[in-house]
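These numbers were taken from a predicted model, which means no experiment stands behind them. If you read the sequence from its start, that first residue is 1, and numbering goes on from there.
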Amino acid sequence: MSMQSINPATGLTKQTFPVLQTVDIPPILESIVSAQTQWSALDFNQRAVFFQNLAQVFRQSREKYANVITEEMGKLLKEARAEIEKCALGCEYYAKHAETFLVDEQIASDATSSYVAYQPLGVVFCIMPWNFPFWQLIRAAAPAMMAGNAIVLKHASNVPRCALALEEAFCDAGFPENTFRSLLITAAQAETIIANEHVAAVTLTGSTSAGRKVAAVAGQHLKKCVLELGGSDPFIVLDDADITFATEQAITARFQNMGQSCIAAKRFILVGSIADQFVMQFKSLINQLRLGNPKDETTGIAPMARADLRDDLHAQVEQSVSMGAALIAGGSFIGKQGAYYAPTILDHVKPGMPAFDEELFGPVAAMVRVENVDEAIALANRTQFGLGASIWTGNADRGEAVARKIHAGSTFVNGIVKSDPRLPFGGIKHSGFGRELSYHGIREFVNIKSVWIK
């Protein structure tokens, strides 16, 4: 069995890798357990040096790693460079703050002394997606490892080069052997790793269906897990918003990474009389996007990561149109080769249509028209997902009032939803549970231990 690295811009296979034999997995996990014991014995300052080194490796090899991302999952090269820089910043953030986040917390009780200590769990298994192949891993691994855990990675099957490049980066930064390992394995093999006695916890970023499977296996074996799953984020434009600014931001919010982001804006909920103007300006802006090679700095339309994902997205568009959505732009394959899909606008989208009820993981914007703010809030919350949301208004206080009523892990007023190491990140409902980033994220994979002394 093997994994292929296929360039989605050309459809050509660049490299093929063998899948790890199942029989080889247990001894690898045993070596990681041994390495974790030594890693956890280091103090925070010692661990921080390695992550500062890793930040330097990312910056020094930015072009190399960015090209691997672009060649393997199709991201615009300029976006891939930004992803690598974000990885460097994430490493530096936890190198600086981990000790403060995990310092013993003194608690007054009936004891002479009592406190809460935060201690590592052991080996954390990371199951990561292809859409941000470096950042998704770093935002999970940096806090977990700074807390004293070791990491074993199963990356998405279509980004084996990214998986191996990450292990190379940790090696180049001087990390002790086996504190971070990247294994080229299948989904079935991942279940055996979750079940393995040497694995303490699991974190997954991926689809809701994958989250259900991982949670079931983790639950069966009583393993802690964190799930960051899909989203159908509302982008609510109130009737007092600056429409020119909102539409400019909406293009980035929907089409960054060709819409292949869990926190991409997906349902554009337009209040009152501003709807026509917003849709018109949105269409005008996407018409300016240029199809091309993702390594070309002038390209605005990159390929989707895989042809099968493009086909699935197209089926959702066609079904929504058959149910009454208006196709305003796009809705078709473009380009002579590769997994390209035209930036698409569906107007008059309503509940019951795939464009409203399901996650559209690609360059399709669903326009939802409402009469008032109350209807906007109700429709924003009428979803199985609860990851992010943004509200656009000329009145920040009004926007905050709406934001507090939205069911989501993150709500942004007059800003695009994004992950930030300083803020906790995660969702509710079918978007998962647990948190990454901030001090909340680093405390997910530690033993929160009470110590009582008389």
Side-chain angles (χ1 to χ4, degrees), residues 231-256 259 263-289 313 316-331 342-360 362-383 385 388-403 405-408 411-417:
S232 185
D233 287 12
F235 185 107
I236 303 169
V237 185
L238 302 185
D239 52 9
D240 63 350
D242 180 335
I243 302 304
T244 298
F245 176 70
T247 51
E248 290 172 350
Q249 297 300 302
I251 293 297
T252 300
R254 174 65 280 203
F255 298 119
Q256 185 178 33
I263 52 171
K266 299 188 174 85
R267 294 176 298 142
F268 294 83
I269 300 177
L270 313 175
V271 178
S273 60
I274 58 89
D276 285 340
Q277 182 185 356
F278 183 92
V279 173
M280 179 183 66
Q281 291 187 204
F282 192 94
K283 181 180 179 180
S284 175
L285 290 173
I286 69 168
N287 286 338
Q288 297 173 26
L289 298 176
L313 180 70
Q316 291 174 302
V317 169
E318 290 192 315
Q319 186 177 355
S320 297
V321 171
S322 72
M323 297 174 71
L327 181 62
I328 302 300
T344 298
I345 303 174
L346 296 176
D347 201 359
H348 300 287
V349 171
K350 300 182 183 302
M353 300 176 182
F356 189 97
D357 294 343
E358 301 173 7
E359 181 176 29
L360 298 180
V364 179
M367 303 293 170
V368 181
R369 296 170 182 248
V370 298
E371 294 296 326
N372 53 54
V373 175
D374 290 339
E375 187 181 0
I377 294 169
L379 284 185
N381 290 334
R382 189 171 171 177
T383 174
F385 300 106
S390 62
I391 298 92
W392 302 81
T393 174
N395 185 321
D397 291 338
R398 185 187 186 200
E400 183 180 0
V402 173
K405 296 178 181 179
I406 301 300
H407 303 160
T411 50
F412 283 56
V413 177
N414 293 329
I416 297 171
V417 178

Under 3.5 Å donor-acceptor, Ser320 side chain and Gln316 backbone: yes
State the CG-NE2 distance between Leu327 and His348, to the nearest 0.5 angstrom. 12.5 Å
Hey, is the main chain of Gly231 close enough, under 3.5 Å, to the side chain of Lys266 for a donor-acceptor pair? yes
Supply the atom-to-atom distance Thr383 OG1 to Asp357 CG, rounded to the nearest 0.5 angstrom. 7.5 Å
Residue pair Gly331 / Val317: nearest heavy atoms and the distance that separates them: CA-CG1, 4.4 Å
Can you check whether Gln319's main-chain N or O pairs, donor with acceptor, with Ser322's side chain at less than 3.5 Å? yes
Working to the nearest 0.5 Å, report the span between OG1 of Thr247 and CZ of Phe282. 8.5 Å
Would Arg369 and Asp276 pass as an ion pair if we require N to O under 4.0 Å? yes
Minimum-distance pair of heavy atoms, taken over all atoms of Pro351 and Leu379: CG-CD2, 3.8 Å
Rounded to the nearest 0.5 Å, what separates atom CG in Leu289 from atom CZ in Phe255? 7.0 Å
Which atom pair, heavy atoms only, marks the closest approach of Thr411 to Ala403? CG2-O, 3.5 Å
Smallest heavy-atom separation, Glu359 atom then Phe385 atom, equals N-CE1, 3.9 Å
Shortest non-hydrogen contact between Met323 and Pro354, atoms and distance: SD-CD, 3.7 Å
May I have the step-by-step check of side chain to side chain contact (heavy atoms under 4.5 Å, CB included) for Val321 and Glu318, ending in yes or no? CA-CA 5 Å; Val321 171; Glu318 290 192 315; 5.8 Å; no
To check you understand the geometry: which heavy-atom pair defines the closest contact between Trp392 and Ala241, and what is its length? O-CB, 3.4 Å
Inter-residue atom distance Arg398.CZ - Asp240.CG, 0.5 Å rounding: 4.5 Å
Could I get the full list of side chain to side chain contact (heavy atoms under 4.5 Å, CB included) partners for Ala253, not counting sequence neighbours? Phe235, Ala265, Ile416
Give, for atom CD1 of Ile328 and atom CD1 of Ile345, the distance between the pair rounded to the nearest 0.5 Å. 7.0 Å
Donor-acceptor pair, distance only, cut-off 3.5 Å: does the side chain of Arg267 make one with the backbone of Ser232? yes
With a 3.5 Å distance limit and no angle check, can you tell me whether Arg254 reaches the backbone of Pro363 through a side-chain donor-acceptor pair? no
Using a 3.5 Å distance criterion without hydrogens, assess whether the side chain of Asn381 forms a donor-acceptor pair with backbone atoms of Lys405. yes
Looking at Gly330, is its backbone amide N or carbonyl O close enough to the side chain of Thr344 to form a donor-acceptor pair, meaning the two atoms are under 3.5 Å apart? no
Candidate list Val373, Val370, Ile406, Ile377, test side chain to side chain contact (heavy atoms under 4.5 Å, CB included), partner Ile236, passing option: Ile406
